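To start, the structure itself, in structure tokens.
Predicted model, so just to flag it, every value in this text is computed and none were measured. When reading the values below, keep in mind they use all heavy atoms of this one structure, side chains included, and skip hydrogens, waters and symmetry mates.
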Amino acid sequence: MGYTNYWYIKETFNSEEWGKVKKVATALLKDNPDIAGWEGQSGTEPEIDDTTITFNGVGDDSHETFLLIRDVEQWEKDMGRQGRADPEFGHFFFCKTAKKPYDEQVWKILCAARNSAPEKIKIDNDGAGDVSS
């Protein structure tokens, strides 16, 4: 069993909210030697765009890929998951990091999303207790 970050997204982030999250993600991830792209391969870059933020650790310090989705309504349609969201909290996501170095960036980006749109995202992890408020 590994250390895991959890989050529910209730609705799509608007442009202003997502812009704030992207700004934090860019500052944390760009030119960071502990960060790689989706597969965790050295020399690959995280993806930060208008729809998602994705990254992993590097090499042996990679684990599960972090994926934060801006438009959960579109994602729901694309994945054929209409009607599957928790009625109170929204869509459930998680990223098991095993507390590897990139976990710090995962948590900080989730906090940035919560700070940007507290009514749209609820976050938690295996070490913090309920930290969504």
Side-chain angles (χ1 to χ4, degrees):
M1 187 174 238
Y3 186 90
T4 305
N5 295 280
Y6 313 90
W7 60 101
Y8 283 93
I9 300 176
K10 190 161 189 152
E11 60 186 270
T12 296
F13 294 92
N14 66 37
S15 295
E16 181 181 346
E17 294 161 345
W18 190 251
K20 291 176 183 178
V21 179
K22 279 177 48 179
K23 184 176 181 178
V24 170
T26 299
L28 289 170
L29 304 178
K30 292 294 184 179
D31 301 319
N32 184 325
D34 293 329
I35 300 300
W38 188 268
E39 296 291 328
Q41 295 174 326
S42 182
T44 60
E45 295 292 323
E47 293 179 31
I48 304 167
D49 60 34
D50 289 335
T51 60
T52 59
I53 296 169
T54 62
F55 63 95
N56 205 326
V58 179
D60 290 341
D61 284 332
S62 66
H63 208 69
E64 290 183 354
T65 303
F66 174 76
L67 168 65
L68 185 63
I69 298 169
R70 175 184 175 201
D71 186 342
V72 291
E73 286 91 5
Q74 186 61 52
W75 174 82
E76 182 180 67
K77 290 175 191 169
D78 293 346
M79 300 300 289
R81 296 179 56 94
Q82 288 92 339
R84 293 177 129 186
D86 179 281
E88 184 178 354
F89 299 114
H91 294 281
F92 177 71
F93 298 91
F94 67 92
C95 179
K96 189 178 293 186
T97 62
K99 204 71 167 151
K100 292 182 177 182
Y102 78 108
D103 178 75
E104 180 180 350
Q105 286 77 24
V106 167
W107 187 246
K108 286 180 177 179
I109 291 169
L110 288 173
C111 288
R114 181 202 53 210
N115 293 341
S116 174
E119 71 287 352
K120 294 181 180 179
I121 186 169
K122 177 179 174 61
I123 66 174
D124 204 349
N125 64 35
D126 287 340
D130 183 4
V131 296
S132 61
S133 356

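For the pair Thr51 and Asp71, the minimum side-chain heavy-atom distance is 4.5 Å or more. With contacts defined as side-chain heavy-atom distances shorter than 4.5 Å, the pair Pro46/Tyr102 does not qualify. Side-chain contact check for Phe92 versus Asp86: every heavy-atom pair is 4.5 Å or farther apart. The shortest distance between side-chain heavy atoms of Gln105 and Asn32 falls below 4.5 Å. Annotation: side chain of Thr65 is in contact with side chain of Trp38 (closest heavy-atom distance under 4.5 Å). Using a 4.5 Å heavy-atom threshold, the side chains of Phe55 and Ile109 count as touching. Using a 4.5 Å cut-off on side-chain heavy atoms (C-beta onward), Asp103 and Asn125 make no contact. The closest side-chain heavy-atom distance from Asp34 to Asp61 is not below 4.5 Å.
The cluster map of Ile, Leu, Val, Met, Phe, Trp and Tyr, joined by side-chain heavy atoms under 4.5 Å apart, puts Ile123 and Ile9 in the same cluster. Tracing side-chain contacts under 4.5 Å through hydrophobic residues (I, L, V, M, F, W, Y), one never reaches Val58 starting from Ile35; they form parts of separate clusters.
A distance of 11.5 Å separates CG of Asn5 from CG of Leu68, quoted to the nearest 0.5 Å.
Relative orientation of the His91 and Trp75 rings is perpendicular, given thresholds of 30° and 60° on the angle between their planes. Between Phe93 and Trp7, the ring-plane angle classifies as parallel under the 30° and 60° cut-offs.
Atom NZ of Lys108 is surrounded by 12 or fewer heavy atoms from other residues, nucleotides or ligands within 6.0 Å. For Glu16, the CD atom is loosely surrounded, since the number of other residues' heavy atoms within 6.0 Å does not exceed 12. Heavy atoms from other residues, nucleotides or ligands lying under 6.0 Å from CG of Asp31 number 12 at most.
Contact record, Ser62 with Gly40: CB-CA, 4.0 Å, taken as the closest heavy-atom pair. Contact detail for Phe66 and Val106: the closest heavy-atom pair is CD1-CG1, 3.6 Å.
A distance-only check finds a donor-acceptor pair linking the side chain of Asn56 to the backbone of His63 [under 3.5 Å]. The backbone N or O of Lys10 lies less than 3.5 Å from no partner atom in the side chain of Lys122, so there is not a single donor-acceptor pair. In this structure, Lys120 contributes its side chain and Glu11 its backbone to no donor-acceptor pair below 3.5 Å.
Look at Lys22 and Asp50 and you find a salt bridge, because one of the NZ, NE, NH1 or NH2 atoms lies within 4.0 Å of a carboxylate O, short of that distance.
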- Task: Check the pair Tyr6, Leu110 against side chain to side chain contact (heavy atoms under 4.5 Å, CB included), reporting the backbone distance first and the verdict last.
- Result: CA-CA 9 Å; Tyr6 313 90; Leu110 288 173; over 6 Å; no
- Let me see the working for Ile121 and Phe13 under side chain to side chain contact (heavy atoms under 4.5 Å, CB included), right down to the final yes or no. CA-CA 9 Å; Ile121 186 169; Phe13 294 92; 4.3 Å; yes
- Message: With side chain to side chain contact (heavy atoms under 4.5 Å, CB included) as the criterion, how do Ile53 and Leu29 come out once you've worked through the C-alpha distance, each side chain's angles and the decisive distance to 0.1 Å?
- Response: CA-CA 10 Å; Ile53 296 169; Leu29 304 178; 4.2 Å; yes
